[in-house]
Every structure is written in C-alpha cells, then in structure tokens.
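Nothing here was measured: the structure is a model prediction, and the numbers come from that model. A note on names: the letters A, B, ... follow the listed sequences, proteins ahead of strands, and every chain is numbered from 1.
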Amino acid sequence: MAKQLMKGNEAIAEAAIRAGVEAYFGYPITPQTELLEYMSKRMPELGRVFLQAESEVAAINMVYGAACAGRRVMTSSSSPGISLMQEGLSYIAASNVPAVIVDVMRGGPGLGNIAPSQSDYFQMVKMAGHGDYKPIVLAPATVQEAVDLTVLAFDLAEQYRTIVTVLLDGMLGQMMEPVELPAMRALPATPPAWAITGAAGRAKNVVVPFRLQADELEALNFDLQRKIADIARREVRFKEYFIDGANADKVHGDRAELIVVAFGAAGRVALSAVKAARQQGIRVGLHRPITLSPFPDERLSQLADEARGFLVVEMNAGQMLEDVKLSVGGQAPVRFHGRMGGQVPMPDDIAQEIEKLDGMTSRPIDHKIEGPVVLRAAVGPARKPETGRN
Amino acid sequence: MAKQLMKGNEAIAEAAIRAGVEAYFGYPITPQTELLEYMSKRMPELGRVFLQAESEVAAINMVYGAACAGRRVMTSSSSPGISLMQEGLSYIAASNVPAVIVDVMRGGPGLGNIAPSQSDYFQMVKMAGHGDYKPIVLAPATVQEAVDLTVLAFDLAEQYRTIVTVLLDGMLGQMMEPVELPAMRALPATPPAWAITGAAGRAKNVVVPFRLQADELEALNFDLQRKIADIARREVRFKEYFIDGANADKVHGDRAELIVVAFGAAGRVALSAVKAARQQGIRVGLHRPITLSPFPDERLSQLADEARGFLVVEMNAGQMLEDVKLSVGGQAPVRFHGRMGGQVPMPDDIAQEIEKLDGMTSRPIDHKIEGPVVLRAAVGPARKPETGRN
Amino acid sequence: MMHYDFVFSGFGGQGVLFGSQLLAYAAMEAGLHVTWIPSYGPEMRGGTANCTVVISDEEIGAPLVRHPSAVVALNYPSVEKYEPQVAPGGLLLYNASLVLRPPTRVGIHCVPIPASDVAAELGNAKLLNMVMLGALLQITGVLPIGTVEQSLEAHLPARRRDMLEANKLALRRGAELAQEPLVAA
Amino acid sequence: MMHYDFVFSGFGGQGVLFGSQLLAYAAMEAGLHVTWIPSYGPEMRGGTANCTVVISDEEIGAPLVRHPSAVVALNYPSVEKYEPQVAPGGLLLYNASLVLRPPTRVGIHCVPIPASDVAAELGNAKLLNMVMLGALLQITGVLPIGTVEQSLEAHLPARRRDMLEANKLALRRGAELAQEPLVAA
Amino acid sequence: MIPVEPFTEQVVFQRPRAMSATPTTYCPGCMHGVAHRLVAEAIDELGIRERAILVAPVGCSVFAYNYFEIDGVVAAHGRAPAVATGLKRTQPDKIVFTYQGDGDLASIGIAEILHAAGRGENLTVIFVNNAVYGMTGGQMAPTTLPGMKTTSSPLGRDTRTMGHPMKMCELLSQLDGAAFIARRSLHSPAEIRRAKKAIVEAFKTQMEGRGFSMVELLASCPTNWDMKPVDALKWIETHMVPIYPLGDYKTRVES
Amino acid sequence: MIPVEPFTEQVVFQRPRAMSATPTTYCPGCMHGVAHRLVAEAIDELGIRERAILVAPVGCSVFAYNYFEIDGVVAAHGRAPAVATGLKRTQPDKIVFTYQGDGDLASIGIAEILHAAGRGENLTVIFVNNAVYGMTGGQMAPTTLPGMKTTSSPLGRDTRTMGHPMKMCELLSQLDGAAFIARRSLHSPAEIRRAKKAIVEAFKTQMEGRGFSMVELLASCPTNWDMKPVDALKWIETHMVPIYPLGDYKTRVES
Amino acid sequence: MAKGHVVIDSERCKGCELCVSVCPKGGIRMSEDFNAKGYRPAVWVNPDGACTGCALCALVCPDTAIAVYREVVPRVAAANAASN
Amino acid sequence: MAKGHVVIDSERCKGCELCVSVCPKGGIRMSEDFNAKGYRPAVWVNPDGACTGCALCALVCPDTAIAVYREVVPRVAAANAASN
Ligand SMILES: Cc1ncc(C[n+]2csc(CCOP(=O)(O)OP(=O)(O)O)c2C)c(N)n1
Ligand SMILES: Cc1ncc(C[n+]2csc(CCOP(=O)(O)OP(=O)(O)O)c2C)c(N)n1
Ligand code: SF4
Ligand code: SF4
Ligand code: SF4
Ligand code: SF4
C-alpha cells in the first residue's frame, strides 16, 4: 500500500477503523480533536457508531457500555478530559472488559495549555483512577508507530480483556509523517461469549464492577494482578538505538556506556541528540520504551549492569524517571532532563546533558557539540562530510 | 480538655471546624458519609457554609470557588468520588489556592466495595489528575492523629497555598477512639490579599489555571516544583517504633535490623506485629510515614545504610512500595505484604512476613510466633508474665 | 500489661452498637486505651452487625483481630460465624434464648446466657445487650460494673433516659447469670 | 546524508499550511523521510501560523528545531520572530512585499522575494505561498521543482483545481526570482 | 419454590419469568422490590426477556442484576444512561433499560439523563424516586421534599439554601428527544397497576423506536424515612404526590 | 486610548469602566465582544464594579478575565456554576456571575447549571449561544441547529442520531429556584439594546437576592460558521431565532 | 364469589405487613415466630374462607413472597359452590 | 439633526464590517490599508456630515473600537446649527 502523509491524530483514527473499531465515543479537546472529527466522518460512512458525548465522563461510560456489549470500542481525549475519565476507567478495569483509550497529552496542570506534554504518565501508567490495576500503555514516537500501536492496542485489549492506552503528546498528534496504513480488517462476526447481548438461549451474563465482600474483591484483585503479571511477562516492548550488537553505531562502533531513556516524542528528539553525541565520540545509546506499562524494567536493569549512567528525558517534571530508577536500582547514576508546560526538549540541550553525564561519570570531555545542522545549498553541509551522520 | 470517644470521620469534621473551616462542600459516599453528615449539622449551627453538592465533580469545583475567595474550605470523599475530582484538583493545583481534601479510601477498582483500603496512594500521592504537581498528603493512623493532622492540613494548605490531602482508610474513618480535640480557633478576620473578593480599592485579582504560552506555563510549573521541593525540605513527618535510640525497644534493646514500613491503618496493625516479633527476639522496628508526600525518603535511605531488610505492608497491591524502593535504592532487600479489596492485613500474617524477612536475610530462626493474645479472666494471660508486652 | 479484644455480634436492632460502644466509653473513662470498630459491610442493613472493641493499657495497634479473645454473640448466625474464630482458650458468650444449637468447639469457653428471656423478664427485649455485657464484664473482669454504670449515665441518649435504671439492672442480672457457668467451666 | 529543517511562517490565510504541506508531500513522494508540524498554539486563529518541515534521507528524530536552517517568512511578525532563530549560515527568505524593514542579522542569508506583488501580478494574492516555495526550492535544491509540481497535481484540493496552472506558474516565478539573490549572497 | 397447586386452581399471581428466585437484600417494605417485579412482568408480557438488557445503578438497587433473569451491567453512580447508550447504539435490536434511584438520576447523573433524553436515545428508564439517598443512609436527594429531615438536612430541607425538589418528568418532557415520560406511584395496589401499564408503554416506545422513554415511580424508603412500611406508603400519597403529580408528561406516537 | 474630544461634544458612547482596554483575541465580528461590553455596561450602570466577580469558562471566552476590570476566576470546562457557588456562598455580598458558552453550559456543564438553578443559587449567568464549539474549531454543540454542518457533524446534525437542540431557557425555567430566565439575541442594534436590559435585570435579580438568573444571548461565530460577520448576524435572525425564540422565560419578583 | 388460595413463602417474607394492610378480607396476619432471617413472616389465615384471590396482597408484596391461585369452578358447579 | 463625531481606533479594529452594515448614513467604509495586526480597519468618512451620532456603529462593534460623540448645541445655537 502506498504511503500517505497523515497527521498523527487522523492516522490513529484511520488505523483504529482498519483494526475494526465498531464504536467511537468522544468529546472535543485540543490537541486531540482531529481524531474525533475524522471519526465523525468515517464511522457513519461505514455504518459504524460515532457519537459525540456530552462530556468525557459520559464518553468513557458509553465506552464501558459498548465494551460490555463485546464491541471493539475506543475513545480519545487529552489530559483534563482524561482526568474526568478516571472513575470510568477504574470501572472498566474492575469489569475486565476491553477498551482502547487514546490520550494526546497537553500541558498541565489545570487547563494548562494545548502544547505537547507527557505529564499524564503517572495518571495513565501507574493506574488510572482508584483501585489497584494497570492498563497497558503504548507510547508511539512516530506517526507510523502510532498506527501500528493502535492496531496492536485493539488486539491486546481483547486478548487480555483490559484497557489499553495509546499515550502520545500533542506534537505527535498534530504532526504529519508518511505512513503505511494496515489493510481493512473484517469486523468480528459475533461478540464474545461473555458479552451483554441479551440472555437468548443461554444463562444471563452480567458485568459487575464490584464485590461487596472483601474476600471476593480481593480475589478479583488477585486475578487482576495475575493478568498484569502475565502481561508484564509477555508484552514488554521497546526500541533501542546505538546500544549494542545490531543497533550499535556502525560508524563509531562500541557498545553504549551511557543510556538515554525517553519515550514518545521526547524519544525521537533524544534520538537526534544521541546521534549528535555519537558523532562527538560519546558512547551513548537510546532506549525508548514502547510499552510504558508493562515497563521494560528487566531490560533496563540488565543495561544498568554495564552502563556508566542513565539520562532520562521527559516532557514533564520526572515521572517515568521513577520507573527508570526503580529498574536501575541504584546500580548507576540516573540524571534527568525535563521540560514542562508544553515546552519540548531540544536536541542540543539533551546533547549537553549527555556530555554532562559523560563528564560526571569520569571520562574526559574531549569533544564539543556543534551548532545545529544547517543548509546544504545555501551554506554547504554543516558537518564534515566524512561523519555522514548527525 | 476531656477526651471524647469519636469516630474518625466525625473527629476529622470537628477538628476541621475547630481549625476554622469556613465552608464544606461534599457528596455522600461510604465510608466517609458521617463526615458530611456531621458537617451538615454543625456548620449551619456556626453560621458557616455547608452544601451538599450534586456530585463530587461539582463539590471540588465549589471548593475551588471558595478557595479562590480566600476561605478555609474542604471536601471529603472516598475513592470513586476522588477519581471524579481529579480534574478539579489539578485546577486547584495550577491556581495555587489552598484546599483540604479528606479521602477515606475504600476497596477498588470500580465500585469495589466499602471496606477499608489504601489503594488511592498512587492517585493521591503521585499527583492527582493530569499535569505535574504533588499535593501534601498526610496519613493518620489513629483518630487522635487524624484530628491533629486535619488541623495541620489547614495550616500547611494556607502556608504553601497548596492542596493538602488527609488520606485515611475506611477503618480509621469508621472506628472510635478517645481523642482530645483542639480548642476552637477564631476565623481569619480578612481574606488574603490575592483572594477574589471584588476589586474594591485595588487592582483586580484573577485566578487563572492556565498559561497559553509554553514558556509561561513552564515558569508556572517551575514555581510549583520549587514549592514541592521546599515542602519536601521542611515538612517530612514520620513516626518510628523500636528503631533506634529513644524509640528502640526498652526490653529487647537493640537497634532495629529489619524495618517494617507501613502507613495509616496498616501502620498500626504492623505495630502489633512488630511488638510480637520483638518479643520473639527479632530486632525489628516500624517506620510509619505520616507525610506520604513529601515522602520520608532521606530517612529511609539513611536506615537502609544499616538495615538488613525492609518489609512494606499496605492495603493495596504495592503502591508506597515503589517509594520505599526508590528511597532504599537497592541497598537492602524490600519485601512486600499487601492485602487488597478491603481486606485488612492481620498482625500474625505480618509477623510471619517479618520472620521470613529475618530468615531470608540470614539469621537463624530461633523463635516462634505464639497464637493471639487471649483472655485474662477466662483463660489467664496468654504470654509468660515476664515478657510484659505483646 | 492488659490487652483485651472483644467482638460483639448480632442482628441490627439487637443493640450491638450501643452495647459495645458503652464498653468503649467505660474503658476510656477508666483511662485505658480503647478502639471500637464496626464492620460496616453490606450486612449493615437488616443483616448481622458486629463490632470489635480492643482495650489495652498501652497504644493499640491493630483494632481488628482475626481471633478475638472473647465474642459476645446475640444471635445464631453470630455463633456460626465466630465459633471457629475465637482464640484458643477464649470465650464465646452467647444468647441462649435465640441460639438453640449450642456451640460445640472444644478448647474455648462457651457460655450460654438466656439474655433475650431475661430481658423480656425485665420488661424490655432491647435490654438483652446489657445482660450480655454484664456477663462479659463478670467473666473477664475487664472493668468493674460500676465504671460501666457511670458511663451508662453519661452516654444513654436523652430520649432513653427513662430506661437508665432498667439498663443498670440488666447489666447486673447479666453479671449474676455469668457467675455460675464460669465456675462450671 | 541530507537533512533539512525549514520553518514556514505567516498570517493565517497566507497559505502557510498548504505551502509547507506541499513540500512535505513532495518529499514523501520523492521517497524521503519527512515530518511536518504546525505550531497549533493560541495564535492559530487570526494571528501568526507557522509550520516546521524536516526532510532527511534517514529516520527523523526531532521534528522541531530551535535553529532552523531556513525560514520562509510571509509577513513582518515572522521576520521579527525568526530572524534571531535562523541557524548561523542559514537562510531567511522573506516576503519583501509586506516586509518593509529588511532583516539585518549578519551571518545568515537574508533573501527578499516580492511575493505578494508577484502573486498579485499573477492575478491572485493567494499564490504568494507558491512563489515563496519556488524560491526556497531554487535556493536550497532540496527537491526539483518538477517533483513539487507533481505533488501539486495530486494534492491541490478539488475545488481549487482550476488554479493548478496558476500555482505552477507561481512556483516557477518564485524560482526565477531566487536566482539573483542567491548569486548575490 | 412456590408449590404449584392441583389442577382445580389457576395461577392468578406468581413470580414473573424475568425475575430471578434470588431473595432481595432490600429492607422490609422497600418498594424497589415492587418496581423490580413490575419491570419483570412487563418484560414477560412483551416477550422481550431474551433481548432485554438491564443497566443497574449505584444505589440500593445496585444489586438489581441479581434479581432479573436477563443480561445486566452495573454502571457507575449516575452514568447508567451513558452506559445504556453504549449498549444500545452498538446493538439497536436489544431492549436496553436503566433502573435508577433519584440520587443517581437526578443528582450526580442529571447530565447523562438529560443528554440521553435530548438525543432521543432509544432507551427506557425506570426511575425510582424515594426522595432520599437510600444506600448511603438517607441523605438529602434533589427530590427530597421541602422541610423533610434527612441525615444531611438534619433540620429539614430549607429550600433557600438547599434548593427545590427536582421534578424530573417536568424537566425531561421539555426535551424534543423524549417520547414517553410519565410519573406513577407505588403507594397502593391501584397505583401499582397503573405503574405497570406505564412501564409496558415505555418499553413499547423503545420497541417501536420512538425514542427516549422514562417512567418515574414514587416509592418508599421506610428505613431512611424511619417509618413503618405501611405508613411510608401513606406518606407517599399524602406528601409526595402533591409535589410530584402523577400523570403522563409526554407521549409521542410517531418515531 | 480613545481621545476625549473638546468640550463642545458630549460622549455618546465609549468603553465602559468595567471593561479593560486590552484588545480581545476574538475573531473579527465575534459577538463575544459585544456580550462582554454589555455586561460591563450593566456593571457600570448598577455601580457594582467593585463587588462583581466573573467566573470565566473554558471556551473562546476563557480570556474574558482579561477584558473586565473586575476580579475573576477561570473555571474548568462546564464547572463555572459550581465555582461561582463556592465564591458566592462564602461571600453573599458579592455579585458573582458566570459567562459561559453553549458547549460549556449546555453540554459538559449541564449538571452544574441545572443544579445551581435548582438550588436557586443567587448567581447570574451570561450564556452565549453560538450553536457551536468555538474554541476547539467548530464542533457540534447541544445547541447546534438541526441539519447544521459542523466539524463533528460533517453531513449536518441529524436529529435521529445526534439529538435535538437543547433549549436551555425552556429547561431552566422549569426549576423552582430560577428567578429570571430570558433569551435575547445580538443580531442587530435593537436586539443588542434589549439584551442589555435583560442583563441589567439579571444582575438586579441577584442584587435583590431573588435567586438564580440567566440571560441567554444568541451570538455568532463567523469563523466556525464560515460566514462573513454581517451574514452571520443575519443567519442568527433567520435561522437561530425561530428555533430559540426570544423572550422572558421566567420572571419572579419576590425572593 | 371466586375462591382464592394464597401461598406465602415465609422464608422470603420480611414482615413488612403491606399485604396485611391491603387485604380487603383481613386474610393475612403476621406470625409470632421468626423465620431464618429474623423476620416475623406473614401468614395467610383466610378467616371464613373469604379470600377471593384478588391478589392485592401479592401486588404490593415487595419480596414476591406471595403466589395467588383461584379455584377454577365449572359454570354448573359455580351455583353449588355459592351455596357452600 | 444632531451632529455626530465618531472616533474609530484603527488598531483595535478587526475589520469585521459590522459597523458599516448598520450605519444608516453610510458613514463608515473599510480602509484599503492594513493595521499592525493585518486587518483593514473601518474609517469614519461621514459623507455630507450626515452622522447623527446615533452610535449604532459602536453598539454592534465587538471590539469596542468606536467612541461616539455628539456636538453639544446650546438651545439658541441649535437653530443656527440647523441652518448650517
Ligand atoms: C461517585 C460516587 N459517589 C458516591 C457514591 C456513594 N453512593 C452510593 S449509592 C448513592 C446514592 C443512592 O441514592 P439513590 O440513587 O437515590 O438510590 P437509592 O439507594 O435510594 O435506591 C451514593 C451517593 C458512589 N458509589 N459513587
Ligand atoms: C474537560 C475538558 N474537555 C474539553 C475541553 C476542550 N474545550 C475547550 S473549549 C471547548 C468548547 C467551547 O465551546 P463553547 O462552550 O460553545 O464556547 P465558545 O468557544 O463557542 O465560545 C472544549 C470542548 C477542555 N478544555 N476541557
Ligand atoms: S435503604 Fe431504603 S431504598 Fe434502600 S433497600 Fe432500604 S428501604 Fe429500600
Ligand atoms: S471561534 Fe467563534 S466564538 Fe471563538 S472567537 Fe472566533 S468567532 Fe468568536
Ligand atoms: S407483603 Fe410480602 S414481605 Fe411484606 S409481609 Fe406480606 S408477604 Fe411478607
Ligand atoms: S454614529 Fe451612527 S451615523 Fe455615525 S457612523 Fe456610527 S452608525 Fe453611522
């Protein structure tokens, strides 16, 4: 299939449609609105359900209803709207029904602004709302990845009967990149056996998000925890650059001694910085978690055995940072570079942080970061031709 | 003042009144309802504001309004209701206005049940809702402490212009203990200068929970982070039992080698277990954080220098556990004992875990936990008289 | 040191709450540490209610116990529920008027008190909780009856003031009844 | 390897979005990696809009840059905003018809294009974005004009089909205009 | 459970098929039980048991799913209409109804009910108005009568500070999407019969795709009213009916 | 800023005192500007500038606090009536008003507005109905007209699936707590004058403690309607007024 | 008059007395004994066999504890029945 | 007829043309030039001095860009003024 240039928000919508989403319920909020608008056009065309809910609270509860019906269903929102969904999310989790949530994060707290951010990490990754559970959280860094992870989200949601969140920031939602869309899937022929479809020719089904007796609720929680553990064992995903073996830098060789950890948009910005630092001869690599939950803690702990230090880059005050520290477990220093309030970290700032980390972890600083890449035709190549990378 | 036997919920309400709360907005939910009911009676008697809101969403936004007016204001709820308040809390945080929130946690997720739980730790301690901020979180373990911390909550809220949460579980909310109530404070004569009271004889005041420009929102976030750091430096509180110096066991002497960490109701249950274990000669102590945010990470890290191991006990699947691990930083093993869904950990189970930890960290197990304390008159003392403790 | 953990259990309306709270008040007024905690579960309405009272002369840790040292069971479901839970060597005090199948567990003290009948004799079925409490005080010696009577005076709701003497009488009748079985145990 | 980062900036309505997207389409269709990102801030309505296009022959990291290698400024506020931001040695291409105070920064290439006037000459003020894009292509050589013309055919909205040739013409006029200043640079 | 008598007798009254044999946890004399039975009877009569779906609320009737022999879901407090919307939109051939208390529907859930009605969502709502929050112990509801004492209006509802009763039928009948809106009471056998008819009509409205339907049922909460069940029914008649007049507030025949 | 002319002239019209000199960020021809000015004029006329408190919504008028010379707060989307309740209950001597768009008030915030009105909360609400979500780019609002195309109803609002227009004046006037409820339009100078009078009356209602007051103002969003401002005003008259009839929906004189 | 027959499931009954209050024939009274749940259930006493099977009791019973049956009397037998 | 005087703050004006549409005297037209924000502002041209100061323009202006003044004509002077 030919590539298309698509906005993240719209690409996710189209990917969901091709993954067979049968119902969408949502409420407008920047920087996610294009997703809803796209759905408002495409879903009715396909004879599927689109409904603009009266609020995010209503939207998530409509999602709950459609999920109980055994239908592939999703909603999307951004930070303040996600806050309003916390109760509903907790109900969905307690009920073990599948649902896909797209959170296109924006600057906070409060009304904040509509600029990109990653400050919903805690509220989406640690657990949405009250109670003990964890949704699966997928964090794309490119529009293509957003498409692929959206399809995966529906598969995982159904496989584990869980909430799967696609967590991205406004930057990815708003930006266009070439994407290859998946083929259109057929919709499921029949809803699953547990679905609430009317007790025709079978005993009644019920979906009950509570257990009045503490022992029963604890049993339900144990089931949830088992599921979470199962997911943690099987579904960890990440992408690494310049770290070791196959993905280590061809030019500068060498396994990474410093590890940058960043997800989503921050991850791709960090990639630019890592490339630049590699060019300066710093043995640095990038670990980009794709599943924030389950978190790639084992892999990081493994890297920590040999790494001299870690740098976490986020568009928040340091949230994934805690998970990295928990994984590293004191084996190596963990530094942090974060921007807040809709500010996006810049490659040169990150590169500087890499240098600092390099220095801090006792290696002579014998290199300098050059200015940004500049224009070929107008000014000639910015870097010495032989480096071939930036 | 003579002691009174009071339910946790009612004691908190009366403490708030004596601390000078001027307005209460809330919505009924078990196991917190007595607090609201108490307020519905007492506040109008005193000519103060009581209003049963139409929902938790409305309640928290009414709190926001009254807080903007510069009035001492509070709300109370329990887990699902707290989930519904997440957006509002984030607005309050962004606006730097003071507010006191009481969360009497119950079993989750979803509707869960009304039994005691501590599973709102993540949603209240890591950050309520979206954006980067942290409320102060106070976790009482006795009704007296609930009273004292409620008063403190108002003071801290005003001093730092922040949200302060009193986080307890249904057990503490429902149980009665003797308490000494503080004296009734006079209400503040005038609202603070920043309050929204009408622009009479001064330039207008505004409370604005957003900054459209990313750099300005980042500046607001830096202010918030500075405040959080300031609070972390000055307001850490905890209580220790049998750990060292003054509070080490008089009978069995000896500084603790094993540290149990537990807050709130779990903390008091753990105390029983620690006492029992001490009696068996295990050198164990209890660290009970009183401020969950700021978390006593420095103290724990200090204890980790010498301790053989930690046991975290919670009424959830392991939430504070992460903060303990972050504090211990890999210096000592951290075990966990948790009950979920409204189950309360029992002293003998905890005592067993202490034994396991003791064994695990290589010390011969030369002692056994006896059965529970039994009845004097009917059966005579359960333990040998000379131990004098249980 | 002293340390007691008691469970009171019965139908809603049998006075479980007041009976157990009265003991807690008395303990407080005697200068002891005390915790009182209800199970506020789904069984609150209509079903069975139960409360745990812990009394100690030092800071109380757990206010709930898995194996209480004494259980005061006002109805049959309570006996069924708590018979296996009483601590070894502990006490199961039950309302023999309503509990027709006596508990059988060995290794604990099972003491029948015909509390509903006695209360009816005293003219008010609602006094059964006081009869049971009187028996409990007598058997365990946790507090003198006089202390509890004083607390009764302080905490009996105003609208039930007229019942003060009847309540005291019930306490004392319970204590009397408890003499004999204890000796027999 | 090749790597370009361009910013297009101007009033809403000046065709910033379409002009920059067209370049992105062309890059994609030429088999390159490309990212296009708008600033979707408060200035969206009425105020100034800007878009960043990054084109590279390998996986693109940051889609936003602090110091773009070239800026296409369609109005004066854009010149004011981006003059200090252009990378040293970079290009500031500006709409000389609207920008009466030319940029003065040394160390960058400032190239005036009288785009609004040219567009007006071509019969439609809205063509100014194409004029500027043509100039950009010419100066940087990022893509051949022909590639962009093909993309134009594919992506010009149906309701503006009639403007296809005019758009192409504008692209070429822009390229022509850019010859001279480049030589002068 | 109930023995069927020999052939000389005909059954005049027994538990409907759509109702399960499970005894309820409601308090003695609580009208939720009657409301449940009427719904079950209507479902039986209309022959829709195998495609009926219950959305239970949070409130005393959170257990309703136990008492019907049909598929069911428990919604979050107040959100039943949204959950029902999700169920109905994805399977329009099913008969979806919510069962909600007055705290649930008129307080925390008023947005969801208004918008479901406004959208003309093809749902049926059984709204049990007992003037208090039952489950949490008798606090004031938006439907509490002026002057009525509750655990959160200990001196009685003062309309100046606590507002006026929310009259949901009056309100919802304003909305174009609402097709059938009626208020009935459960305070006597005759009223119970009338209530049943309205419930049947509400389900028919949905079956015919006419849009949103709701039956409000005035009911008692003897426990929190602190009344004997028999007195509570009288109180409905003497105190509630005057404030909440019975009748059909909206009937629309076309779809 | 506007030069005061020499003594031979009298001022017929200038910026009211309660309005700040800051230029607005609204689109050209957006009627939020006129609505703001009318409110400011009313505040001036009633002499309440120093005790007036604005609760701004989330929506295009989130910036309203910039444009008034009075104290102000920005509420979360839809929650302005709750925030206003908190402000007013704690300082009943102040004149507290919310300023809300139709998405804010009639969609996400419908629970808060209904309950504020139901409680007879002594507040004033300025409700700007422009039939779309302005700030987020022209999505359908509950007030969108049947058949009207928006960015989330690209084929036009189909009342069968997207519901019917929410008529807030009709709805709120049902509530006993509502004292003054009126709908006006801003589509012509004459209507603007009438709107102003209603706003003054609404504030008076609050000043006299009569209870909840609301003025709905039909307004244009030329940007999202994709119309010239002049045409947009005509469209209000020809398309909106027939669906949202102007008038006083509730007037209560006693408090 | 038709002859009714009422069966009250005493274990479902919660003793609310609503059935007693509506029976036009005084056909139901409350038991002195408790059922397993601790309620005093209703009992159908049907004094003078007056029950007509009108089912008012069942209609108000919130616990579906009541089933009502009516004797099926062949037309000819009806006259005889009336003379009983 | 009273004589009006209108002052339009061209930097506040966003060129919406509402004032133009309501002026009964055709007193306002749009400028050919742009203001700093890029709008073509309204200008008061007042052909034939017909402006009465009715302030309709100001009334509809969403940007409070218009101030309106009216000549204060002493009663005696009014007759003179009319003959101007
Ligand atoms: C979000 C949330 N808030 C509050 C509660 C507590 N709660 C449970 S039921 C209920 C009210 C029930 O009253 P009503 O809807 O009138 O039903 P009833 O019990 O009277 O049948 C409340 C407030 C909850 N479960 N969830
Ligand atoms: C909880 C939440 N949901 C959604 C949004 C996004 N949002 C901002 S304004 C708005 C609607 C504005 O429309 P309206 O209230 O009609 O006001 P207008 O902009 O038309 O004046 C929405 C949906 C938000 N800020 N917060
Ligand atoms: S509390 Fe009231 S509504 Fe709930 S079951 Fe009891 S009587 Fe019924
Ligand atoms: S988008 Fe619409 S409502 Fe918002 S400022 Fe522009 S014209 Fe006004
Ligand atoms: S109505 Fe039903 S529950 Fe009530 S007393 Fe009669 S049989 Fe028992
Ligand atoms: S004041 Fe009246 S006549 Fe004068 S310009 Fe304005 S609208 Fe026209």
When the 4.5 angstrom heavy-atom criterion is applied to Ile108(D) and chain A, the contacting part is neither
Between CD of Glu177(A) and OG1 of Thr35(D), what distance do you get to the nearest 0.5 Å? 6.0 Å
Would you mind checking which part of Pro347(A) comes under 4.5 Å of any heavy atom in chain D, side chain (CB onward), backbone (N, CA, C, O), both or neither? side chain
Could you give the distance from CG (Leu17(D)) to CE (Met176(A)), rounded to the nearest 0.5 Å? 9.0 Å
Test item: Glu59(D) and Leu271(A) side chains (from C-beta on) under 4.5 Å apart, heavy atoms: yes
Measure the shortest side-chain to side-chain distance between His67(D) and Met346(A) over non-hydrogen atoms and say whether it is less than 4.5 angstrom. no
Which heavy-atom pair separates Met28(D) from Lys3(A) by the least distance, and what is that distance? CE-O, 3.7 Å
Qualifying residues under ring-ring contact (aromatic ring centres under 6.0 Å, His included), relative to Phe263(A), sequence neighbours excluded: Tyr121(A)
Please find the pair of heavy atoms, one from Leu64(D) and one from Met171(A), that lie closest to each other, and give the distance. CD1-SD, 3.7 Å
Pairs of heavy atoms under 4.5 Å with chain D: top-ranked of Leu5(A), Val269(A), Val143(A), Asn113(A): Leu5(A)
Could you state the interatomic distance from CZ (Arg66(D)) to CG (Asp349(A)), rounded to the nearest 0.5 Å? 4.0 Å
Side-chain touch Gln174(A)/Trp36(D), heavy atoms, less than 4.5 angstrom: no
Which atoms of Gln21(D) are under 4.5 Å from chain A, going by heavy atoms: the side chain, the backbone, both sets, or neither? both
According to side-chain hydrogen bond (donor to acceptor under 3.5 Å, both in side chains), does anything in residues 156-171 of chain D pair up with another residue at least two apart or in another chain? List the pairs. Glu153(D)-Lys168(D)
Please state whether the side chain, the backbone, both or neither of Val65(D) comes within less than 4.5 Å of a heavy atom of chain A. backbone
